[in-house]
Number of protein chains: 2
Amino acid sequence: MSHFPFQRLQAELTTLIASLPAETQLPSEPELAKKMGVSRATLREAMRSFETQGLIRRKQGVGTFVIGEVPVIDSGLEVLESIETMASRIGLSVSTGSLKIDLLSADVDCAEVLEISIGSKVTQVSRVIFTDERPVAYLVDTLPEVFLSEKDLKTGFNGSVLDLLLRRGIPRLANSRTEIKAVNADTEVAHLLDIQRGDVLLQLKANLYTTAGKVIDHSLSYFLPGYFSFHVNRRVG
Amino acid sequence: MSHFPFQRLQAELTTLIASLPAETQLPSEPELAKKMGVSRATLREAMRSFETQGLIRRKQGVGTFVIGEVPVIDSGLEVLESIETMASRIGLSVSTGSLKIDLLSADVDCAEVLEISIGSKVTQVSRVIFTDERPVAYLVDTLPEVFLSEKDLKTGFNGSVLDLLLRRGIPRLANSRTEIKAVNADTEVAHLLDIQRGDVLLQLKANLYTTAGKVIDHSLSYFLPGYFSFHVNRRVG
DNA sequence: CAGTGGTCTAGACCACACG
DNA sequence: GTGTGGTCTAGACCACTGA
């Protein structure tokens, strides 16, 4: 059948990983590569998809481990809600890390998207979502400072800009236009999510609108595929 | 800043590709790698995302070429429609290739999804979508033979199972529950779409329901990210 | 046939975690 | 320090295209 080592390798690794109990440490990469009869490069290439699927976890300086049942965050996209809300709805606890809040001046692109003038002050909130010590999503919100200043973030900020805006109530939010893509992780996102550069990620790019039809927030989100299940109901005609 | 060759390389290639007119052939990989001062492996890794973004096209045995303006197929996911319908709506011509029609017996998974008994006859239609000689999507439809037999496909079949079912009118279709993921291309899909194994793809997995609430069709679709723009409108609370 | 991209190897060196 | 995964290299061989 497959003349290529890769397909055989991938099949063997699939059964190997499935056969091992959770938390098991795999042999080191040089060892495993030798055992499988392939080079380390080929082995790592095959391991790539296993990590984004949530089947294994690689920790630099430590080793590679089998993951048991993955807590999948399941959500319909028709309703806009924060990761925190999604997670709590299915009884999963998530935490926020690498929270970073910046006050920036809008550049050309940012100004156009947010429908403000170039140079206006904007607040940018970026953060990483963890479930069970595993970074699984990276979110960046950008919005005019008039809608969200740093002192707004002092009181009871759980990490989600959406939840904060909803709680405040003004301006009233209406909907979000979200664009869905599949992308390769760049170096920055790869480090934040503790994956390899080039790994596959689901990207959501959204503009949030008020009931008055004004853009209030632009968000960019990256999700590890294996830890999320997004779906949408499509009606005929 | 970047100690790693990769980030510098990616930046240089981005400007290089952007500066060249469409249809330009790039130097061969060994040449370009030498010019950039990196190994061929690193060069190819960087080229990876450029191809899925629709910026370049690699043809085995021929060369690597710059692509000008990419005809992006833009579509809202709330409404279910075929690729053909999406494309014609924006005045783009697409064609179907590698059309394959099989009559199979349902295995365990297939039977469960389609809510039929194991071993039932199912028709499977798989095809590749081309725009401008470029394969950009791979679609597989699976449905019970009672809903679609081979002779149904003789008369005026444009490739889309959905369009055929809609034209026929019975049973009446209601909606589709679609799951969205980002995946790595496996060997089979990579060859069909003429990309590299491991390249990033957007995957839609859908069950199509009749007005009576019965599953009539299961479809699995893979899209090259750079050639499609899918979006969804999310309403608040 | 010559030239291209596609796959794979062996090995080097680095960054990181842990004792 | 030792051992792990992360990055990168140089080079081999294969598969494909087109003259």
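Residue numbers begin at 1 in each chain, while the letters A, B, ... track the order of the sequences.
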Tell me: [atom1] of [X] to [atom2] of [N], nearest whole Å?
X: A:H191; N: D:dG6; atom1: NE2; atom2: P; value: 10 Å
X: B:E29; N: D:dC16; atom1: CD; atom2: P; value: 16 Å
X: B:L9; N: D:dT7; atom1: CG; atom2: P; value: 14 Å
X: A:E45; N: C:dC8; atom1: CD; atom2: C1'; value: 11 Å
X: A:L193; N: D:dG6; atom1: CG; atom2: P; value: 14 Å
X: B:D199; N: C:dT7; atom1: CG; atom2: C1'; value: 14 Å
X: A:Q10; N: C:dT7; atom1: CD; atom2: P; value: 13 Å
X: A:Q7; N: C:dC8; atom1: CD; atom2: C1'; value: 14 Å

Output a table of nitrogen or oxygen pairs between the protein and nucleotides 9-13 of chain C separated by less than 3.5 Å.
from   : atom 1 : to    : atom 2 : distance (Å)
C:dT9  : OP2    : A:S39 : N      : 2.8
C:dT9  : OP2    : A:S39 : OG     : 2.9
C:dT9  : OP2    : A:T42 : OG1    : 2.6
C:dA12 : N6     : A:R40 : NH1    : 3.4

(request) List in numerical order all residues of residues 18-26 of chain A for which some heavy atom is under 4.0 Å away from an atom belonging to DNA chain D. (result)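 Residues of residues 18-26 of chain A under 4.0 Å from DNA chain D: none.
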(request) With sequence neighbours left out, write down each residue that passes side chain to side chain donor-acceptor pair (under 3.5 Å) with B:S39, or none if nothing qualifies. (result)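 Expected list: B:T42.
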(message) Taking side chain to side chain donor-acceptor pair (under 3.5 Å) as the definition, give me every residue that meets it alongside A:E12, ordered by chain and number, with sequence neighbours left out.
(response)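 A:E12 satisfies side chain to side chain donor-acceptor pair (under 3.5 Å) with A:R8 once adjacent residues are dropped.
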(message) Which residues in residues 53-63 of chain B have a heavy atom closer than 4.0 Å to any atom of DNA chain C?
(response)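 Heavy-atom contacts with DNA chain C come from B:R58, B:K59, B:Q60, B:G61, B:V62, B:G63.
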(message) Run the side chain to side chain contact (heavy atoms under 4.5 Å, CB included) test against B:P135 and tell me which residues pass, sequence neighbours left out.
(response)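 Residues passing side chain to side chain contact (heavy atoms under 4.5 Å, CB included) with B:P135: B:R57, B:V128, B:F130, B:L193, B:D194.
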(message) Restricting to side chain to side chain contact (heavy atoms under 4.5 Å, CB included), what partner residues turn up for B:S105, sequence neighbours left out?
(response)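 For B:S105, the residues satisfying side chain to side chain contact (heavy atoms under 4.5 Å, CB included) (neighbours in sequence not counted) are B:K121.
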(message) When you measure from the side-chain N and O atoms of A:R197 to the phosphate of D:dC8, is any distance below 4.0 Å, counting only OP1 and OP2?
(response)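 A:R197 to D:dC8 OP1/OP2: side-chain N or O found under 4.0 Å.
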(message) B:F230: which residues meet the ring pair (Phe, Tyr, Trp, His ring centres under 6.0 Å) condition with it, sequence neighbours left out?
(response)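 Per chain and number, B:F230 pairs via ring pair (Phe, Tyr, Trp, His ring centres under 6.0 Å) with B:F223, B:F228.
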(request) Output all residues satisfying ring pair (Phe, Tyr, Trp, His ring centres under 6.0 Å) with A:Y138, sequence neighbours left out; order by chain, then residue number. (result)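 Listed in chain order: nothing, the list is empty.
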(request) Could you tell me which residues satisfy salt bridge (charged side-chain N to carboxylate O under 4.0 Å, His left out) with A:D199, sequence neighbours excluded, listed by chain and number? (result)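 Scan of A:D199 (salt bridge (charged side-chain N to carboxylate O under 4.0 Å, His left out), adjacent residues dropped) gives A:R48.
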(message) Suppose we screen for salt bridge (charged side-chain N to carboxylate O under 4.0 Å, His left out). Which residues come up paired with A:E51, at least two apart in sequence or across chains?
(response)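 For A:E51, the residues satisfying salt bridge (charged side-chain N to carboxylate O under 4.0 Å, His left out) (neighbours in sequence not counted) are A:R58, A:R134.
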(request) Kindly check if the number of other-residue, nucleotide or ligand heavy atoms within 6.0 Å of CD (B:Q25) is above 12? (result)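 Count over threshold, so yes.
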Any ion pair linking [Y] and [X] (charged N to carboxylate O, less than 4.0 Å)?
X: A:R234; Y: B:E81; value: no
X: B:R40; Y: B:E29; value: yes
X: A:R127; Y: A:E84; value: yes

(request) Rounded to 10°, tell me the angle between the two end axes of the helix from C:dC1-D:dG18 to C:dC18-D:dG1, each built from five pairs. (result)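 Roughly 10°, once rounded to the nearest ten degrees.
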(request) Start with the C-alpha distance between B:T85 and B:S82, add both sets of side-chain angles, then the distance that settles side-chain hydrogen bond (donor to acceptor under 3.5 Å, both in side chains), and finish with yes or no. (result) CA-CA 5 Å; B:T85 304; B:S82 66; 2.9 Å; yes
(message) Can you confirm whether B:C110 sits close enough to B:L114 that some side-chain heavy atom of one is under 4.5 Å from a side-chain heavy atom of the other?
(response)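 B:C110 reaches B:L114 side chain to side chain.
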